[in-house]
Amino acid sequence: MSTKKNIAILGAGESGVSAARLAQREGYAVFVSDAGPGNEKYLQELRDAGIEFETNQHTGERIFAADEVVKSPGIPDSVPMIVELRNAGKPVISEIEFAYRFAPKGAEIIGITGSNGKTTTTMLTHHLLDFAGVNALAGGNLGDSFARLLLDEEPADVYVLELSSFQLDGMVDFRPSIATVLNITPDHLDRYNYELEKYADSKVSIAKNQKLSDRLLVLADQQTIAPALRRQSLDTNITTISPEDVRGTSVFIDGYEFNMGTGSLRGRHNGLNALFAIRIAMILGVTEKEIQLALDSFRPAAHRMEVIPTSDGRTWINDSKATNVDASYFALEAMTGPTVWVAGGTDKGNDYDVLREIVQDKVHTLICMGIDNSKLVEAFKNDVPTLLECSSAAAAVTFANQLAKAGDTILLSPCCASFDLFKNYIDRGDQFRTAVKNLNA
């Protein structure tokens, strides 16, 4: 009779397959189940590892026979099978929680969450540490999953993990030595019964297992974050990050001034991201001089205020990852001259009123790129001199090319999801970048 512990993995994507491989390495009997067709790249990893899996179905008998279940963050807790598993007393956890059990002893775990800016802050934190010679790896909701980092990389001293609220909801014992809550704005509320308080509680739960020897960095936010902190009994060392410490292209921490003007971090929102990343680096012993040199050499991720190199005298920015109102607000706020704004897609119940003043001030042309642009058109038809509609990235770039003068900025910051015209925000940004490069070829 086998003494192996049985584990079922729901979802055969990056996190699910990495968790399956890690479980196999640690001696578990593993079964992977995906209700969809799966991704061939990851299915091949399962075949190569000899891990049993199924696609296009969930075989309840196999899944309920498991001692423990790891679910993809894309599967809501409200799905009947998840509810039934928990009612049956089966532990249902996230890949991050599972991987945490096997992290190197003594390693620093940094958890970064927030509604906007997670990826940039995670990448910048890793860059500051790596530049200073710290043995650090970055992953989680960004790039490689935590489990994959533990499987395929040499052990690190520091793991910088981007964490979504969906991943945090599956935590039990996960304890980051440094955690951040960058900001909390309405997003993904369909997973939280459309209650901002429940979403905020999910974000703040990143610190639920911390001790007084750990650090929690939070944005100074009296409306949402402070009440969420009061609702949870946290035993951790809390540091508040103030937006007032961002002044122009400089940020100020503990009497030190760090200049972002020579790098690629644009806008006040990236100043806030930098405040968090710099504070983490300083906690881990990186010097002020090393931090400034690293800031000068940092380049943001694709689709996040990504400047597309051109020689036409205009600035083209791919901010396709801006899928909600707040992200687009930050992007527009960073504009310093006349702007052509490309927006639109699948509306997520957006309230555009908060954008009207900044649009009136900075945008001379709005190009609505979507199948149904009616809500966007209605919101801004009286706020911009020129408003056009199109249904492809190539058409948007053609319109922008005709209407943007030398010195103008063309900003793709959609404010909406991408699924009406594109596979995802990456596909949208890639098509936009390709169209711009073709224009400048």
Are P414 and M369 packed together at the side-chain level, in the sense that at least one heavy-atom pair is separated by less than 4.5 angstrom? no

Least distance between heavy atoms, K203 atom then L163 atom: NZ-O, 4.4 Å

When you check the side-chain N and O atoms of N318 and S320, is any donor under 3.5 Å from an acceptor? no

Residue pair D427 / N424, side-chain heavy-atom distance below 4.5 Å: yes

Does one side chain, of H58 or D34, offer a donor that lies under 3.5 Å from an acceptor on the other? no

Taking all heavy atoms of K71 and all of I82, pick out the closest pair and write down the distance. CD-CD1, 3.8 Å

Salt-bridge test for R101 and D173: reply yes if a basic N is under 4.0 Å from a carboxylate O, no otherwise. no

What are the two closest non-hydrogen atoms of I109 and R175, and how far apart are they? CB-O, 4.4 Å

Among side-chain atoms of T339 and K362, is any donor-acceptor pair under 3.5 angstrom? no

Lys/Arg cation over aromatic F252: R247, 6.0 Å, 45° cone: yes

With a 4.5 Å limit on heavy-atom distance, are the side chains of T113 and L168 in contact? yes

Closest non-hydrogen atom pair between D351 and D353, with its separation: OD1-N, 3.1 Å

Could you state the interatomic distance from CG (N6) to CZ (R62), rounded to the nearest 0.5 Å? 8.0 Å

W341 side chain to S413 backbone, donor-acceptor under 3.5 Å: yes

Non-hydrogen side-chain atoms of W316 and V307 separated by less than 4.5 Å: no

Classify the side-chain pair N324/N116 by whether it contains a donor and acceptor separated by less than 3.5 Å. yes

Side-chain donor-acceptor pair present, N273, T120, cut-off under 3.5 Å: no

Regarding R215 and T239, do their side chains bring together a donor and an acceptor under 3.5 Å, going by distance alone? yes

Between Q360 (side chain only) and V384 (backbone N and O only), is there a donor and an acceptor less than 3.5 Å apart? no

Under 3.5 Å: donor-acceptor pair, side chain of S242, backbone of E244: yes

Do Y256 and Q292 have side-chain heavy atoms sitting under 4.5 Å apart? no

Apply side-chain contact (heavy atoms from CB on, under 4.5 Å) to residues R21 and R148 and explain how you reach the verdict. CA-CA 8 Å; R21 291 177 53 222; R148 188 176 295 273; 3.5 Å; yes

Checking the side chain of S418 only, and the main-chain atoms of Y425 only, is there a donor and an acceptor separated by less than 3.5 Å? yes

When you measure from the side chain of K118 to the backbone N and O of L161, does any donor-acceptor pair fall under 3.5 Å? no

Checking S145 against E14: is there a side-chain donor and acceptor pair closer than 3.5 Å? yes

Are K5 and D67 ion-paired here, with the side-chain N under 4.0 Å from a carboxylate O? no

Tell me whether the rings of H269 and F330 are parallel (<30°), tilted (30 to 60°) or perpendicular (>60°). parallel

Are any of the side-chain heavy atoms of I110 and I280 separated by less than 4.5 Å? yes

Report yes if the side chains of T409 and I317 come closer than 4.5 Å at any heavy-atom pair, otherwise no. yes

Got a donor-acceptor contact below 3.5 angstrom from the D326 side chain to the T185 backbone? no

Hey, are T236 and Q210 close enough side-chain-wise for a donor-acceptor pair under 3.5 Å? yes

Could you go through the side-chain contact (heavy atoms from CB on, under 4.5 Å) check for Y199 and S115 one step at a time? CA-CA 10 Å; Y199 174 58; S115 300; 2.9 Å; yes

Which atom pair, heavy atoms only, marks the closest approach of L129 to A281? CD2-CA, 4.2 Å

Qualifying residues under ring pair (Phe, Tyr, Trp, His ring centres under 6.0 Å), relative to F98, sequence neighbours excluded: Y28, F102

Residue pair S94, Q167: steps toward the side-chain hydrogen bond (donor to acceptor under 3.5 Å, both in side chains) verdict: CA-CA 6 Å; S94 68; Q167 290 170 313; over 6 Å; no

In terms of heavy-atom contacts, does CZ of R266 have more than 12 from other residues, nucleotides or ligands at under 6.0 Å? no

Would you please indicate if the ring centroids of Y159 and F146 are separated by under 6.0 Å? yes

Tightest non-hydrogen contact, residues L22 and A99, listed as CD2-CA, 3.8 Å

Determine whether F258 and I278 make a side-chain contact, defined as any pair of heavy atoms from C-beta on separated by less than 4.5 Å. yes

Taking atom CD of E195 as the centre, report whether more than 12 heavy atoms of other residues, nucleotides or ligands fall under 6.0 Å from it. yes

Are any side-chain N or O atoms of T434 and backbone N or O atoms of Q431, one a donor and one an acceptor, separated by less than 3.5 Å? no

Would you find a donor on one side and an acceptor on the other, under 3.5 Å apart, between the side chain of T310 and the backbone of R314? yes

Examine distances only and state if a side-chain atom of K321 and a backbone atom of G429 form a donor-acceptor pair shorter than 3.5 Å. no

Could you tell me if S18 and Y42 have a donor-acceptor pair between their side chains, going purely by distance under 3.5 Å? no

Any Lys/Arg nitrogen of K90 or E68 sitting under 4.0 Å from an Asp/Glu carboxylate oxygen of the other? no

Go through the side-chain N and O atoms of Y352 and D347 and say whether any donor and acceptor fall under 3.5 Å apart. yes

Classify the side-chain pair E290/T287 by whether it contains a donor and acceptor separated by less than 3.5 Å. yes

Kindly say whether V172 contributes a backbone atom to a donor-acceptor pair with the side chain of N209 at under 3.5 angstrom? yes

Does a side chain donor of either R304 or T119 reach within less than 3.5 Å of an acceptor in the other side chain? yes

Separation of T249 OG1 from L265 CG (nearest 0.5 Å): 11.0 Å

Residues K211 and D214 bridged, charged N to O under 4.0 Å: no

